[in-house]
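Have a look at the structure below, then the notes.
Bear in mind the structure is a predicted one, so any value in this text is a computation, not a measurement.
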Amino acid sequence: MSYRRAVVEFCLAWLDEDFPREQALEAWLRGEPIPRGEVSEYGVYETMSRANGFLMLRSLTQMMTGLGFAGTALLFDEVD
């Protein structure tokens with residue numbers, strides 16, 4: 001899953017002090033529009049969209065549990 005891969009690669013970039021890689025992955029994780037080529041070399045091939053939003057949200061909660069956090073707070077903004 002792209003979300004899990006992006007989190008892992010983001011953490012590795014932070015540990016390796018690879019600022020350009022960290023910045024690109026951070027932008028993708030924040031849902032900012034970023035060219036696919038900037039993150040595909042790190043194993044992230046999907047873009048976040050309404051079609052895969054549930055899968056991305058599920059990956060987020062799985063990552064929080066995997067990192068040892070006891071709970072997850074989700075905030076939604078439904079205002080257009």
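Here L15 is tied into one hydrophobic group with W14, each link being a pair of ILVMFWY side chains closer than 4.5 Å. Taking Ile, Leu, Val, Met, Phe, Trp and Tyr as members and joining any whose side-chain heavy atoms lie under 4.5 Å apart, directly or through other members, the hydrophobic cluster of V8 also contains L12.
The side-chain contact (heavy atoms from CB on, under 4.5 Å) check on L60 picks up Y3, L57, M64, L74, with sequence neighbours excluded. With sequence neighbours excluded, no residue forms a salt bridge (Lys or Arg N to Asp or Glu O under 4.0 Å) with E22. Residues passing the salt bridge (Lys or Arg N to Asp or Glu O under 4.0 Å) test with R5 are E9, sequence neighbours excluded.
Hydrophobic clustering, with ILVMFWY side chains joined whenever heavy atoms are under 4.5 angstrom apart, groups L67 together with F10.
Among pairs with a residue in residues 38-48, none fulfils salt bridge (charged side-chain N to carboxylate O under 4.0 Å, His left out), at least two apart in sequence or across chains. The side-chain hydrogen bond (donor to acceptor under 3.5 Å, both in side chains) analysis of residues 56-68, with sequence neighbours excluded, yields no pairs. The side-chain hydrogen bond (donor to acceptor under 3.5 Å, both in side chains) analysis of residues 28-37, with sequence neighbours excluded, yields the pairs R30-E32.
Of all heavy-atom pairs between N52 and T47, the closest is ND2-O, 2.9 Å. Contact between I34 and A24 at its shortest, heavy atoms only, is CD1-O, 3.3 Å. Minimum interatomic distance between L29 and M48 (heavy atoms only, all atoms of both residues): O-CE, 3.6 Å.
The OG atom of S2 sits 8.5 Å away from the OH atom of Y45 when rounded to the nearest 0.5 Å.
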